[in-house]
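One structure is given below, encoded as structure tokens.
Values below: all heavy atoms of this structure, side chains included; hydrogens, waters and symmetry mates excluded. Predicted model, so just to flag it, every value in this text is computed and none were measured. For ligands, and for the atoms within them, numbers begin at 1 and follow the listed sequence.
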Amino acid sequence: MTPPPGSVEEARLLLASELEEAVREAAARGGLLPADVQGLRVRWLGKKQGVVTALLTRLRDVPKDEKAAFGAGVNALKQEAEERLARLEAEAEARAAAAAEAAKAVDVTLPPRAFPTGRLHPLTVVRRRIEASFRGLGYEVADGPEIESDWYNFESLNFAPDHPARDAVDTFFVKGGGEGRDALLLRTHTSPVQMRTMEGRKPPIRVLCPGRVYRKDDIDPRHSPVFHQMEGLVVDEGITFAHLRGTLAAFARSFFGGRAEVRLAPTFFPFVEPGVDCAVSCVFCDRKGCRICSYSGWIEIMGAGMVHPNVLANGGIDPERYTGFAFGMGIDRIAMLVYGIPDLRLLFENDLRFLDRTW
Ligand code: DAH
């Protein structure tokens with residue numbers, strides 16, 4: 001039998017079914033929370049819109065002889081609602097307290113959380129290894145600007161005015177298109193630091209100058225418009241080609257391993273005389289010939305030579321009294337070689353899948 005609409009009996013049945021429904025529905029998410037019960041309380045017992053309050057305001061429309069029974073019915077309903085809600089509330093609070101406690105507990109069976117640490121970039125690792133090899137021979141590390149004048153980058157280093165390296169096709173000019181010694185450009189090699197070092201101090205000089213250099217190269221697996229070089233300069237009385245050769249041989253053994261040998265072949269650089277290309281015996285095949293050394297047994301790693309007297313003079317050093325040698329190598333190229341990195345771009349793209357290896 002359905003109770004008459006608007007009756008207390010109807011409201012009682014509604015209360016029961018609504019609360020059961022709420023409990024059932026909340027079961028899937030672990031049960032009612034205190035906030036859910038609060039919502040139900042407002043709906044049923046709220047002072048303004050609550051169902052029970054609404055019934056009470058209807059009391060004045062109830063015929064006189066039914067008022068007493070109606071009033072008693074509403075009060076009984078109110079009490080029932082209060083009791084049921086209080087029970088649900090207690091359960092919800094106990095549940096919330098248990099959840100808070102569980103959240104605090106330490107699950108000792110969980111694996112430890114990974115603690116991510118940074119790593120050195122492979123170029124930094126290689127630069128530091130090269131520096132360490134030369135520090136053992138008494139070298140200091142010097143620094144120079146990346147924006148250079150034509151004088152430091154070219155003219156003082158004995159580049160003829162029409163030398164192809166000065167061409168605007170290869171060089172990024174910042175000010176002046178290669179005209180005059182005051183033109184500014186992005187240095188195309190670390191050799192200008194040789195000149196700045198000679199100006200700044202007296203022999204004996206033994207310096208290493210690492211840094212970024214720039215050339216107008218299109219980006220491909222072996223080229224980048226910005227890359228890294230390591231320059232070396234030694235100036236003192238009585239420095240000979242034998243010192244250069246011995247130094248490069250010592251570096252090769254220290255950097256590539258005790259069996260590494262060097263081979264020097266004559267070549268031309270304007271700032272040295274004689275100039276050489278320096279190759280190191282292939283450490284991958286022990287000179288037998290492999291893919292890495294193009295089956296030659298040797299890998300070219302740097303240019304070097306005896307500092308040209310004009311360069312010494314430009315640096316304020318008396319070429320009659322002092323001699324010196326210089327060398328320059330590509331850090332990126334050496335990193336690719338020792339780590340088997342197939343593409344230069346990997347060094348510049350900051351992809352963590354690459355950087356997060358152990359170098
Ligand atoms: N500056 C040269 C280059 O960028 C490398 C070089 C060659 C540096 C011979 C030197 C040297 O100091 O003696 O290709």
Candidate list Arg127, Arg129, Arg128, test side chain to side chain donor-acceptor pair (under 3.5 Å), partner Glu131, passing option: Arg127

For Pro221, side chain to side chain contact (heavy atoms under 4.5 Å, CB included) partners two or more places apart: Asp343, Arg345

Centroid-centroid distance, Phe269 to His189, less than 6.0 Å: no

Closest approach of Gly324 to Ile239 (non-hydrogen atoms, all atoms of both residues): CA-CG2, 3.9 Å

Lys/Arg cation over aromatic Tyr152: Arg196, 6.0 Å, 45° cone: yes

Proximal protein residues to ligand 1, non-hydrogen atoms under 4.0 angstrom: His189, Ser191, Gln194, Arg215, Gln229, Glu231, Phe269, Phe271, Val272, Gly303, Ala304, Gly305, Ala326, Phe327, Gly328

Residue pair Glu261 / Ser281, side-chain donor-acceptor N/O under 3.5 Å: no

